[in-house]
Amino acid sequence: MSESPSKIKIAIIGAGIAGLTAAIALQDQPHIDVQIYERARQLRELGVANALSDDVGFRNRTGRSMIYRHYQTDEDVSSDVPHGPVEYKHQTARFFRPHLQRVLLDHIQQGRLHLGKAFESIAKDNSTDGVIIKFRDGSTAKADMILGADGIHSAVRRAFVPGSSAKWTGHVFFRTVVPRSHYQHIEGLPDEAVHYWAPDRTLFLSPLPRGLYAVVAAHQCDPNDPDQPYLQAEWDQNVNIASLRPLYKDWSPLTRRILDATPFIKVYPNTAAKELDSWILGHGRVTLAGDAAHAHGGAFAAGGSLAINDAWAFAQSVLHHLPAGGDWRVSLDDSGVTKVLALYERTRKAHTDRVQRTVQQRNQFLVDQIKTKQTDEELRQKMKSRGDLAWVHEHDVEAAFARAKLELDQPEEASVQPGFQQREQSRL
């Protein structure tokens, strides 16, 4: 990293959606030196206006963000629609993660991404007010503040909160993305994102840009059952799809034809962790973003949005607390960095804590449900009376940031504006 004393050094651990987005938001600032450290030696999965284009994200043509279908009749039982007018580019879109990461990577300035840098530890830099990052290859880097964006099994998070490891929830996903040509012979193939529900399992189907098609099967196991077959399954592990098809033997002919035509699939045991007490870690100079901050383990297909909102809020918090002129480093004593991280945490944590708690409640409900036999009538009622998740999918991070600034910068003024606070809190 640059040793220029006039620049603020920000290190981002992890080159996923959150890390890349945060770097893009900060890299053009003349007083900021932002560097990304990624443990992988090559990025196989690698936005920024073009990340919202139809070439990268798929949107349902009818404007319904999700369509819920009965597993035996193929009928549309219910659907999700936006609560108000939504600009086309902001409508719910499905991404193939490698496409999105590739678009983001294209916007990263040359020389800012360092591969093969697996995080090991962070120590206080006694020669400055900053910290020193040590990587497993023996190299080090200095930084004034660190954003840990290294995923659900974050090494940065576990370095400071050892008991925060993500644990298996019993929910198992089987996912694949293949050329749509595999299904071209199937009459009635869904041309919008649909979610089939059965009493004990689901099937998500969706076209994707660039001629691809996504198939995601899921079912709930008892995480305390030592005999369940996926207890020792590894993330992204190939499984024999022939073993999956019998689980859907009593489903509609259409869904069975789709599974029969699916050439391969991988298993993803769902893991999650409890919400953290604080996101301000490591000598008050380390924070987290994305799955590293909120290891929810399945936030209703909003994981990418949560990561991008985290990255935006972190960048805005940095820029808000650093003066536009003069020596920016005067703001980088411990108290100055704490103000930056406190604003970021105030903007995001209440919302993502609620997401995590909601996911935990859903997972426990699913575990309890497998012990009872749900009737078809009960299934249909559940599909129609789903909890309203607009607070997740339509969360206004800009409004949350404005409220957080007011609460921290002018607490007395914020306290006498209950209407403003109540309106924005309702979005969380």
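Just so it is clear, the structure is predicted and the values come from calculations on it, not from any experiment. All values below were derived from every heavy atom in this structure, side-chain atoms included, with hydrogens, water molecules and symmetry-related copies excluded.
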Are the ring centres of Phe314 and Tyr344 closer than 6.0 Å? yes

Does a donor on one side chain and an acceptor on the other come within less than 3.5 Å for Ser78 and Arg386? yes

So Val172 and Val267, do their side chains get closer than 4.5 Å, heavy atoms only? yes

Out of Lys349, Arg357, His351, which residue meets the side chain to side chain donor-acceptor pair (under 3.5 Å) rule with Asp353? Lys349

Ring of Phe119, cation from Arg136 - is the NZ or CZ under 6.0 Å from the centre and inside 45° of the axis? no

Has the side chain of Asp150 got a donor or acceptor atom that lies under 3.5 Å from a matching backbone atom of Val156? yes

Residue Lys405 excluded, over 12 heavy atoms near NZ under 6.0 Å: yes

So, for Thr347 and Ala313, which heavy atoms are closest and what is the spacing to 0.1 Å? CG2-CB, 3.9 Å

Minimum heavy-atom distance between Ala214 and Leu208, given as atom pair plus value: CB-CD1, 3.9 Å

Scan side-chain atoms only and decide if Thr128 and Lys142 contain a donor-acceptor pair under the 3.5 Å cut-off. no

Cationic N near anionic O, under 4.0 Å, Lys9 to Asp144: no

Just how far is it from atom OG1 of Thr202 to atom CZ of Arg69, taken to the nearest 0.5 Å? 14.5 Å

Begin from the C-alpha positions of Arg348 and Val397 and carry the test side chain to side chain contact (heavy atoms under 4.5 Å, CB included) through to its verdict. CA-CA 8 Å; Arg348 295 296 296 149; Val397 67; 4.0 Å; yes

Will you find, in the side chains of His70 and Asp76, an N or O donor that is under 3.5 Å from an N or O acceptor? no

If I take atom CD1 from residue Ile12 and atom CD from residue Glu38, how far apart are they, to the nearest 0.5 angstrom? 12.0 Å

If you count every heavy atom of other residues, nucleotides or ligands that lies below 6.0 Å from Arg39 atom CZ, does the total exceed 12? no

Looking at Arg112 and Val34, what are the two nearest heavy atoms and their distance? NH1-O, 2.9 Å

Spacing of CD belonging to Gln356 relative to CG belonging to Leu306, to within rounding of 0.5 Å: 9.5 Å

Report yes or no: is the cationic atom of Arg180 (NZ for Lys, CZ for Arg) closer than 6.0 Å to the six-membered ring centre of Tyr213, at no more than 45° off its axis? no

Smallest heavy-atom separation, Ala149 atom then Gly19 atom, equals CB-N, 3.8 Å

For Thr352 and Glu275, does a side-chain donor sit closer than 3.5 Å to a side-chain acceptor? no

Is it true that the side chains of Ser243 and Asn240 contain a donor and an acceptor less than 3.5 Å apart? no

Intermediate values then yes/no, side-chain hydrogen bond (donor to acceptor under 3.5 Å, both in side chains), Thr271 and Lys167: CA-CA 5 Å; Thr271 58; Lys167 297 178 176 58; over 6 Å; no

Side chains of Gln316 and Glu398 only: does a donor on one sit below 3.5 Å from an acceptor on the other? no

Arg403/Glu407 ion pair, N-O < 4.0 Å: yes

Phe401 vs Trp312 aromatic rings, parallel, tilted or perpendicular, using cut-offs 30° and 60°? perpendicular

Hey, could you give me the NE2/CG distance between His320 and Leu343, rounded to the nearest 0.5 Å? 5.5 Å

Given side chain to side chain contact (heavy atoms under 4.5 Å, CB included), test Tyr196 with Thr255 step by step and report yes or no. CA-CA 9 Å; Tyr196 281 87; Thr255 56; 3.6 Å; yes

Considering all heavy atoms of both residues, which atom of Pro190 and which atom of Ile258 are nearest to each other, and what is their separation? CD-CD1, 4.0 Å

Tell me whether the count of non-hydrogen atoms from other residues, nucleotides or ligands lying under 6.0 Å of NZ in Lys134 goes above 12. no

How far does NZ of Lys384 sit from OH of Tyr68, to the nearest 0.5 angstrom? 15.0 Å

Nearest 0.5 Å, what's the CD1-CG distance between Ile36 and Leu113? 5.5 Å

Do the rings of His114 and Tyr37 sit parallel, tilted or perpendicular, given the 30° and 60° boundaries? parallel

Classify the side-chain pair Gln374/Asp200 by whether it contains a donor and acceptor separated by less than 3.5 Å. no

For Val286 and Ile122, which heavy atoms make the closest approach, and how far apart are they? CG2-CD1, 3.7 Å

Just so I know, are the side chains of Phe135 and Glu120 near enough to count as touching, which here means a heavy-atom distance under 4.5 Å? no

Do Ser278 and Glu345 pass the side-chain hydrogen bond (donor to acceptor under 3.5 Å, both in side chains) test, and can you show the C-alpha distance, the side-chain angles, and the key distance before you say yes or no? CA-CA 8 Å; Ser278 175; Glu345 179 180 271; 3.0 Å; yes

Quick one: do Ile13 and Leu147 satisfy side chain to side chain contact (heavy atoms under 4.5 Å, CB included)? Show the steps, please. CA-CA 6 Å; Ile13 310 297; Leu147 180 67; over 6 Å; no

Just so I know, are the side chains of Leu276 and Val161 near enough to count as touching, which here means a heavy-atom distance under 4.5 Å? yes

Report the C-alpha separation of His153 and Asp291 in whole Å, then their side-chain angles, then the decisive distance to 0.1 Å, and conclude whether the side-chain hydrogen bond (donor to acceptor under 3.5 Å, both in side chains) test is met. CA-CA 8 Å; His153 298 293; Asp291 287 345; over 6 Å; no

Going through the checks in order, is the side chain to side chain contact (heavy atoms under 4.5 Å, CB included) test met by Val77 and Trp197? CA-CA 10 Å; Val77 177; Trp197 280 21; over 6 Å; no

